[in-house]
Amino acid sequence: MNIITRFAPSPTGFLHAGNYRTALFAYIFARQNKGKFVLRIEDTDKERSKKEYEDNIVDSLKWLGLDYDAFYRQSDRTAIYGELIKKLIDSDKAYVSKETPIEAGDRSEVIRFRNPNKKVVFDDLIRGPITFDTTQFGDFIIARSLTEPIFHFVVVVDDGEIGTTHIIRGEDHISNTSRHILIYEALGLPVPKFVHIPLLLAPDRSKLSKRNGSLPITEYRNRGYLPEAVVNYLALLGWHPVDEKEILSMDDLIKQFSFERVQKASAIFDENKMRWFNREYLLKLNDDEFIERAKALIPAWLLNDSNNREVLSRVLPLVRDKTHTFGDIPKFFEVSGELSFIEKTPIYPKEMLLWKKNPSAESALKHLLESKKLISTIPENSFSAENIKNAVWPYTEANSRGDVLWPLRTSLTGLEKSPDPFISAFILGKEESLKRIEIACNLLK
RNA sequence: GGCCCUAUCGUCUAAUGGUUAGGACACGGCCUUUUCAAGGCUGUAAUCGGGGUUCGACUCCCCGUAGGGUCACCA
């Protein structure tokens, strides 16, 4: 059987992680079976559908790497729906019904489906058999008019035409399924397989929504997440491989995925773990890839000023070491950020230079003068972190590490938290480092 | 409220009748260390409750309870 799955969002708002996880499962299942994955924009609600949201859906899928084989937009297909509604009316499977409007916008005439009022059973691939008594739905509305069909109708018509074999969608559609099956039968279409994916919940266990802080998935791109990390994390929400390996590429997922291992219960979206995944993927990048992909969040003075390219290469290991998402980078360079000392000469109180375990100004000055002497012996062209350490270390060991290294580090960075003194000095260069130590000595005198 | 779905550490989950109930994230401790991270080691922590079935239940059944979904002229 040639597998066809689809992702059928309505462009009435930004879609969140839960929506894209469902899309991801549909995509993976299609690719795993060498089938087709279709994107269908469900924009029958003309009031609320916006092009902006449709564009964001297309953009998001592209970012995540979920390429689709066909694209449908329901608003392009109004005529087709009209004809099929007419056919149902002609065969008395639907009828025009007189109504008393209740809300603004309500019509005095709608098209209702003649419900055979029976029990419908379907076999959900994740949950097993589910039974509904459709009597509870009555003769439900399938269109407001011949040109204004409703979700329940178009979704069946389109999946019939596309030939969707597996309808993979959120659990919130379970109770719609029996109605849809009734329409499949009325239309004489084969009933596809249904797969209802559990919902994603916010940390407070409520449904993911704008209110509880769920974000458009593209917002994670803005915050410096890698799409491969997002995909990996999303796949592991509600699904788990046979072994305990959690770092999985899209290819791995396509190889290993199965609905049997999809959880039945809803899962809570936890950004903490996604950050961890992102760091794992960040570690796999080489330096050039890292810079290329972090571009948007590296400070402009460091990235674009050719004089600073050398500085960039020196701080890169440090930046990489402390970064979980690219979004962490700007704050290292903000005022009093851990790397803020690079761009601006630090201004700090004298007390900053005193080690808390031995807050003596004489001691700090003595060690600082000695460090300065040792550092100045290093030739300019071999001013590396390693050589700086080698020059200072024996003296450090002969005394007390803290007594020597705390004043040295703070003289260079002026910060409570910063990289170690050897790396800091290396980044600043010999001349600038000696200058800063000199300033500190004067402050202590 | 009716109908439907679900229930293992705080979170994501493994274990499909027999395990000291495993792993990951987070959290704590230790090591490393001038600081902050990172890293290494390590620790705390779970089968919702009650009945069955069974020699034996996380696992099967029933009843509760809790959470979620859905009851639109939205999708």
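Residue numbers begin at 1 in each chain, while the letters A, B, ... track the order of the sequences. Given the structure is predicted, the values throughout are model-derived calculations rather than measurements.
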Please tell me which of the listed nucleotides, rU34(B), rC74(B), rA26(B), lies nearest to the side chain of Leu405(A)?
rU34(B)
Side chain of Arg401(A) only, please: which of rU34(B), rC74(B), rA24(B) is the nearest?
rU34(B)
What nucleotide, of rU34(B), rC25(B), rG23(B), holds the atom closest to the side chain of Trp276(A)?
rC25(B)
In this structure, which one of Arg6(A), Arg73(A), Arg40(A) forms a salt bridge (Lys or Arg N to Asp or Glu O under 4.0 Å) with Asp158(A)?
Arg40(A)
Could you check which nucleotide pairs with rA15(B) in any of the strands shown, counting Watson-Crick or G-U wobble with both distances under 3.5 Å?
none
Would you indicate which nucleotide in rG23(B), rA7(B), rA75(B) comes nearest to any side-chain atom of Ala265(A)?
rA7(B)
Do Arg409(A) side-chain and rU34(B) base share a donor-acceptor contact under 3.5 Å?
yes
Let's test your reading of the model: under 3.5 Å, does the base of rA26(B) pair with the side chain of Asp270(A) as donor and acceptor?
no
Whether the side chain of Arg48(A) and the base of rC74(B) hold a donor-acceptor pair under 3.5 Å is what I'd like checked.
yes
Among rC4(B), rU70(B), rU34(B), find the nucleotide with the atom closest to the side chain of Asp172(A).
rU70(B)
Could you tell me whether the side chain of Lys264(A) has a donor or acceptor atom within less than 3.5 Å of a complementary atom in the base of rA7(B)?
no
Contact under 4.0 Å: Arg261(A) side-chain N or O vs rA15(B) OP1/OP2
yes
Would you mind reporting whether Ile57(A) and Tyr20(A) have side-chain heavy atoms less than 4.5 Å apart?
yes
Are His16(A) and Tyr220(A), when compared by the centres of their aromatic rings, separated by less than 6.0 Å?
no
Of all the choices, rA75(B), rG68(B), rU34(B), which nucleotide is nearest to the side chain of Ile150(A) once you look at every atom?
rA75(B)
Given that both distances must come in under 3.5 Å, which nucleotide forms a Watson-Crick or G-U wobble pair with rG39(B)?
rC31(B)
On RNA chain B, check which nucleotide each of His240(A) and Arg127(A) is closest to and give me the residue with the more 5' one.
Arg127(A)
